[in-house]
Amino acid sequence: MPYDPHAIEPKWQERWLREKTFSVQVDRSKPKYYVLDMFPYPSGSGLHVGHPKGYTATDVISRWKRMQGFNVLHPMGWDAFGLPAERAAVRENLHPAVITKRNVDNFRKQIQRLGFAYDWEREVSTTDVEYYKWTQWIFLKLFEKGLAYQAQVAVNWCPALGTVLANEEVQDGKYVETGDPVEKRSMRQWMMKITAYAERLISDLDGLDWPESLKEMQRHWIGKSCGAEATFTVQSGGKPSGAPASAMPGAAVGGSVSAANATASFTVFTTRPDTLFGATYCVLAPEHPLVASITASPQRAAVDAYVTAAKNKAERDRMADSKEKTGAFTGAFAINPATGKPIPIWVADYVLLGYGTGAIMAVPGHDVRDHAFAKAFGLPIVQVVKPVASPAGSGGSANDVGAGGTSAAIVDVQQAAFCADGVAVNSGFLDGKSTADATTAMTQWLEQQGLGRARVQYKLRDWLFSRQRYWGEPFPVLHLEDGTTVPVPYDQLPLLLPPIDEYKPTADGQPPLARATEWVKTTDPRTGKPALRETNTMPQWAGSCWYYLRFIDPKNITAPWSKEAESYWMPVDLYVGGVEHAVLHLLYARFWHKVLFDLGLVTTKEPFQKLRNQGMIVAASFQEASGKYHYPEDVEETAPGSGQWRVKASGVAVSTQIEKMSKSRYNVVNPDDVVRDYGADSMRLYECFIGPMESGGVWQTNGVEGVYRFLERAWRLFFITPKGATTDLWNPAIVDRAIGPDEKEIEKLLHKTIQKVTADLAVLGFNTAISQMMVYVNALTGRETLPRALLEPLPRLLSPFAPHLAEEVWAALGNKTLIADAPWPAFDPALCVDDELEIAVQVNGKVRDTIKVLITADQAVYQRLALASEKVQRAMEGKPAKKVIVVPKKIVNVIV
RNA sequence: GAGGGAGUGGCGGAAUUGGCAGACGCGCCGGAUUUAAAAUCCGGCGGCCUUCACCGGCCGUGCGGGUUCGAUCCCCGCCUCCCUCACCA
């Protein structure tokens, strides 16, 4: 029988499971390696071939590291709380736990069919009581530290789902997953004070081996800006009166109004305090609390109308008209603390309440947004920064010119804002200072005057941590009658999810847990006083914030993990997952980890030392002009290679395009089908061969056939199937003798192959590693005799990629132990270099011939052989060589 | 609009401290084998020109310049695509 994956794969998978081959324990005699996949949400639709791309990558590394002598921790589990199971529960009238178990069983089976080297003894699900007990335990730690708190906040309420969503889950006024509309509501919610860790979350990125783009995304998300805040005093009465009002040092963020309503003030945040002299007006966000009280009577109607309009606009997509500036004058003026002059206060929606102080000083000369606004409403524009004289000779844009000029009019700020650094002008005591110096000087001045201080501002906001859902972790807290909230004692964890009759919000809009009335009404075990339980549940992110820690000690019943396990296994050495988690899961998990670090519960500052994103696998889809999609098996090409497609049954023409796999596009490839047709080894190999692991790829069945053929060729080096026979015979070409003199070249190829595969694995270069193995197998194919020594390393090289075939061959070679436990083959560096090199010879930079030189040859030999070449001489056309460039082992270039 | 990444045959992709561009695979073409087919094995395949054929020649890594003996790789200026953020003061 020729290579038949179905005859060998289940056998080895069973044996690995039965013998717990990949179960590991803390073993301080060995170096550890912790390889982790981002664990999946077990959806009802099962795996598609995109999931195993990352899983295959970690599995290859995991098996390889193991063969290199590492104690490898490679676990898998389920991020199983979440909305889809809850909705399925409503649909099917089953408990979400039932749905979840069904989906998990399916996922596990699908994953196990691929022969991954997971330690299944460590499998966890975030929905297991023994797991979420510890999620609640960690929550209490955060609560005790004041990092989990309740607040009345404007939330993203999704009426269709009956729950709030995190800011990150909403884009353009819609839930990113389903597209359901989302609106603003003010509700009591649980919040996580992630902002307290903003600085460390940004600075600790530096030491991580993560894709730079991903680190950038996190930096942008956290959004650190350094600047200053400055207090502006409001003049009441609506008339500018040049009299400087008294400053209010340390004014509260958001503004304040004195009892007499004579002086009000507000604070702005700016990254450019050096431009304060250029602030010609101020802008408050429409929701700013001061707006109502400072607006003058003549303007009141217009301002009210604007504020109302802005509020409604915020609910729709406000992105659309972000270019057009709108606003309204309040009729009030503020004193520019630097110039002492009154400047108008406007309301405009380009200032956001949620960032900084919700108020800005507008410097239209040096900020594009302020400039656009000033132009739109005819506000004055003043230049307070001029460009630095550029060094002579350097070209540049219009805003860079001005070498030798002393005038400040070299850039025209009336035309466009000048936002670059420069030298301060028209700025009193700042004149002549560079932007950096002026920034420092102004900040100091503000501090001395009691009008402001240096300030660091982050875009990051606190994390909205509650959801109005059933299928999540209950909050282990009690609300007492006096309005306080106290933790459930640790010894009463876990706080179990109560059974309820329907997984929907109550009629009066309370979360589903409110249906469990007996559960909600309880008593405080410490005092016996009546108490109410929290009816919100935690978001899905909670469980995934610490699962990597549970994996290191999953059965621990006295602690979430032991110190011993933590100190041995952490941090995660390689973490692989989709880029879609760049700023959500990865930021939340880092935040929790840092809190745990501060509590002394973990010993590393960061959880994931090295992280890589696997690319997305896409596939062709087929669509009629009407938009209707068809399954790939239902269409055919009108003629081979024509690129034109039609529906087989109806003949209707369809267009084809490459798209993200989705059910609705009918282009999902199920790994079960691939395993059925080609086997798990081919599936794994193709996932690796499709392209670099971090870029995506187009799934093509032909490609799977290609790697399947390769595995067949490798198989046939060991087994032959005589005509008509049903069983394989050991290939008679395999001989037990030393490598012969005519086999030296192939021996070298073997060593080069081991070298390249090893080097490529170290950088996750799976596709090139496979390509090198193909070269080697091709070279062995068709040889009349095959010394065992040339064959023996091959299954070991192959085993991380195609472990089933490798085990089978390994056993046939007479080994009693598993190849999974075999040592990784070594190469002899001396056999990886050629004695003789083929060197290109160029004439005037064009290759004209090649010469063969010994690796030891000196430059003179290169030159002599190059010039002796007939082809080279012809190309030289009889002219003398002006110069001969010899780069040993690389090239010869003859210049005539 | 800002930031990041990428453009290489019919296709996926190799190759860069600057040294023979296109490894490997898909696809296609031809041959062997076969009653035939499948499978397998062998050979060929960047474009243009020249040639009966061999042998040759020119062009070619998004476009235009530059540095260099030599550029897919470095520099300058563009174009296109992808991703992320999007009035963050």
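A, B, ... follow the sequence lines: proteins, then strands. Residue 1 opens every chain.
Applying the 4.0 Å criterion to OP1 and OP2 of G25(B), one finds that Asn702(A) has every side-chain N and O outside that range. Distances shorter than 4.0 Å separate none of the side-chain N or O atoms of Lys890(A) from OP1 or OP2 on G70(B). Regarding contacts with the backbone of G56(B), every side-chain N or O of Arg848(A) stays at 4.0 angstrom or more from both OP1 and OP2. In this model, the phosphate group of U84(B) is not approached by any side-chain N or O of Arg219(A) to a distance below 4.0 Å at OP1 or OP2.
With ring centers used as reference points, Tyr686(A) lies 6.0 Å or more from Tyr678(A).
No option in Tyr708(A), Phe710(A), Phe718(A) other than Tyr708(A) meets the ring pair (Phe, Tyr, Trp, His ring centres under 6.0 Å) test with Tyr3(A).
Within 4.0 Å (heavy atoms only), Thr850(A) reaches at least one base atom of the nucleic acid. Within 4.0 Å (heavy atoms only), Glu838(A) reaches at least one base atom of the nucleic acid. Residue contacts for Gly703(A): at a heavy-atom cut-off of 4.0 Å it reaches no nucleic acid atom on any strand shown. Among the heavy atoms of the strands, none lies under 4.0 Å from Lys756(A). Ile885(A) comes within contact range of at least one nucleobase, with a heavy-atom separation under 4.0 Å. Using a 4.0 Å heavy-atom cutoff across all strands shown, Ser695(A) reaches no nucleic acid atom at all.
Rounded to whole angstrom, the span from the CH2 atom of Trp221(A) across to the C1' atom of A2(B) amounts to 16 Å. Between Glu580(A) atom CD and U84(B) atom C1' there is a gap of 13 Å when expressed in whole angstrom units.
A distance of about 16 Å separates the P atoms of C49(B) and G10(B), rounded to the whole Å. Taking atom P on both nucleotides, C20(B) is separated from C73(B) by 14 Å, rounded to a whole Å.
In terms of polar N and O atoms assigned as donor or acceptor, the side chain of Ser771(A) comes within less than 3.5 Å of the base of A23(B) in a complementary pairing.
For Lys846(A), the side-chain atoms get nearest to C59(B) when compared with the rest of G19(B), G56(B), C59(B).
A salt bridge links Asp834(A) and Lys752(A); the closest N-O separation between the charged side-chain nitrogens and carboxylate oxygens is under 4.0 Å.
Taking syn as a glycosidic angle within 90° of 0, G9(B) qualifies as syn.
Under the side-chain contact (heavy atoms from CB on, under 4.5 Å) criterion, Val618(A) pairs with Met616(A), Ile658(A), Val698(A), sequence neighbours left out.
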